[in-house]
Amino acid sequence: MNRNSTLLLFGATGDLARRMLLPSLYALYADNLIEDDLRIFGTARSDLDDAAYRDMVRDALMEFLPEDRIAEQQIDGFLQRIYYQTLDASTIEGFSDLADKIGDISGGLSIFLSTAPFLFEPTILGLKSAGLAGDNVLIGLEKPLGNDLASSKIINDAVNQVFPEERTFRIDHYLGKETVQNLMALRFANMIFEPLWNAQAIEHIQITISETVGLEGRAGFYNDTGALRDMVQNHMLQLLALIAMEPPANLDAASIRDEKVKVLRSLRPVSENDIVVGQYGAGAVAETLVKSYADDLGDVSDTETYVAIKTFVDNWRWQGVPFYLRTGKRLSERRSEIVIQFREVPHNIFKDRGAKLESNTLIIRLQPEEYVRLLVMSKEPGLDRGQMVLREVPLDLSLTQAFAGARRRIAYERLLLDLIDGDQTLFVRRDEVEAQWKWIDDIRETITKNAMSPKIYNSGGWGPSTAIALTEREGVSWHE
Ligand code: BG6
């Protein structure tokens, strides 16, 4: 493994850096997971020196680290490796000062770019001009990387002129989540699931990412983006790809990404009847009154904060199996979950004794709780004179309990470490992103062509009632 000895964060004073990146780096440092000689440079427009930036970092750590993680001495040690250089990335001038400040990068440099999209290109050019884009430099790119296929190609082309694909790390933070990776363990480290993981045994699949939060002060970005592009284009499609892909040859980046992209390319275009878009109205979430999206935004808007979709993966394994996806803000609870609904048994031998059978359901809860639950039919105890009662009971695997002693790592800890180590497995390859955009662009076109405007739903519920109809007309209920 080739571990880089310098890390450079663009957008180093921003929200993502303060909330996620700096606390993640600190956690890696505190657990001795990064080398002693790793130097961390932050850069942004704010005019700060090392000392002022270190103060900012300290404040961010105090605010966002869990209490049991705060240890003064360790924080001091961590801050010693942090440096800062002011930079206006929109012009090329400042980049040589940045390079001077960083100095020797012969030990390899990993760059994490989380900046406004219009800064991508000048930043890449600036890095090149200052000699910060050589063979031992890796670049991590945080979304948004464009807002449709065409704009994502422009960004990718610009990046690609300087950083070849093997040195480009596109971030989808869902891939860094422990439970998302556990999907692969569940599927490919157990004999019992894979033989049934196909259209013969599975009736449909649901993927839900529901959130209770609303706009969260990101009005400009979110209103231009909407749920389809903010959540479905990336996180939900990556989950879908991991659920639907064929077994990869091994855990190499290429093997896994080759399998995922095949799924993404097999996604069937979605018809207008299979799309529901919604926008939150006022309501109550966890007993707190909340305003409507329009009030949060201070304007009327056609942006969707909720989307539900029925689609198919048109390949051999999944022929005829609907995949229902839904995500939304200001819903009843925060939940990321995959539900695998198996088919009925071919013949109910209990029928004459009055027993009704339910089909098996596998529920994979990714967050906030982490569990795998298999609903199985079981006989209710009793002497069964006349009638026999069968009931669905859960076979529960609580990952939180089973691995109670293990530290839960947030996605960015793993992703930053992989970026430092140069491991691309959990990053999204260009062909995947483009297949994702192609499918999303087509949906957006359908929405526009059919003048579908978002249905208002009450905050604190499960989205517009039309989303219920989307599944109910097929005799399916959303898992709630
Ligand atoms: C981000 C979206 O990518 O993911 C946000 O931009 C969303 O709108 C977030 O809230 C959800 O991430 P998580 O890890 O909280 O499920």
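As the structure lists them, so they are numbered: ligands from 1, and atoms in each ligand from 1. If you read the sequence from its start, that first residue is 1, and numbering goes on from there. Note that these values count all heavy atoms, side chains included, but never hydrogens, waters or copies made by symmetry.
Close approach to D230 involves these atoms of ligand 1, each under 4.0 Å from a residue heavy atom: 2 (C), 5 (C), 6 (O), 8 (O). Within ligand 1, the atoms closer than 4.0 Å to a non-hydrogen atom of M231 are 2 (C), 4 (O), 7 (C), numbered from 1 in the order shown. Near E211, the atoms of ligand 1 lying under 4.0 angstrom from a non-hydrogen atom of the residue are 7 (C), 9 (C), 10 (O), 11 (C). Proximity to K177 (heavy-atom distance under 4.0 Å) selects the following atoms of ligand 1: 13 (P), 14 (O), 16 (O). Close approach to K329 involves these atoms of ligand 1, each under 4.0 Å from a residue heavy atom: 5 (C), 7 (C), 8 (O), 10 (O). Listed by number with element, the atoms of ligand 1 under 4.0 angstrom from any heavy atom of H173 are 1 (C), 3 (O), 4 (O), 12 (O), 13 (P), 14 (O). Remark: ligand 1 atoms within the under-4.0 Å shell around heavy atoms of H235 are 1 (C), 3 (O), 4 (O).
What sits closest to atom 5 (C) of ligand 1 on the protein, heavy atoms only, is R218 NH2, 3.2 Å.
At a threshold of 4.0 Å, the pair R335-E369 does not count as salt-bridged, since none of the basic side-chain nitrogens sits closer than that to a carboxylate oxygen. For the pair D172 and K177, the salt-bridge criterion is not met [side-chain N within less than 4.0 Å of a carboxylate O].
The shortest N or O to N or O distance between K143 and ligand 1 is under 3.5 Å. Polar contact check, Q367 against ligand 1: a nitrogen or oxygen pair lies under 3.5 Å apart.
For the residue pair E472 and S477, a side-chain donor N or O sits within less than 3.5 Å of a side-chain acceptor on the partner. There is no side-chain donor-acceptor pair under 3.5 Å between N273 and S271.
Residues E474 and Y324 have side chains in contact (heavy-atom distance under 4.5 Å, counting atoms from C-beta outward).
The closest approach between a heavy atom of Y174 and any atom of ligand 1 is below 4.0 Å.
Of the residues K260, R257, R265, the one that meets the side chain to side chain donor-acceptor pair (under 3.5 Å) test with E432 is K260. When each of F10, Y84, Y83 is checked for a ring pair (Phe, Tyr, Trp, His ring centres under 6.0 Å) with F41, only Y83 meets the rule.
Counting heavy atoms under 4.0 Å from ligand 1, residue R334 touches it through the side chain alone.
D230 meets the salt bridge (charged side-chain N to carboxylate O under 4.0 Å, His left out) test with K143, R218; sequence neighbours excluded.
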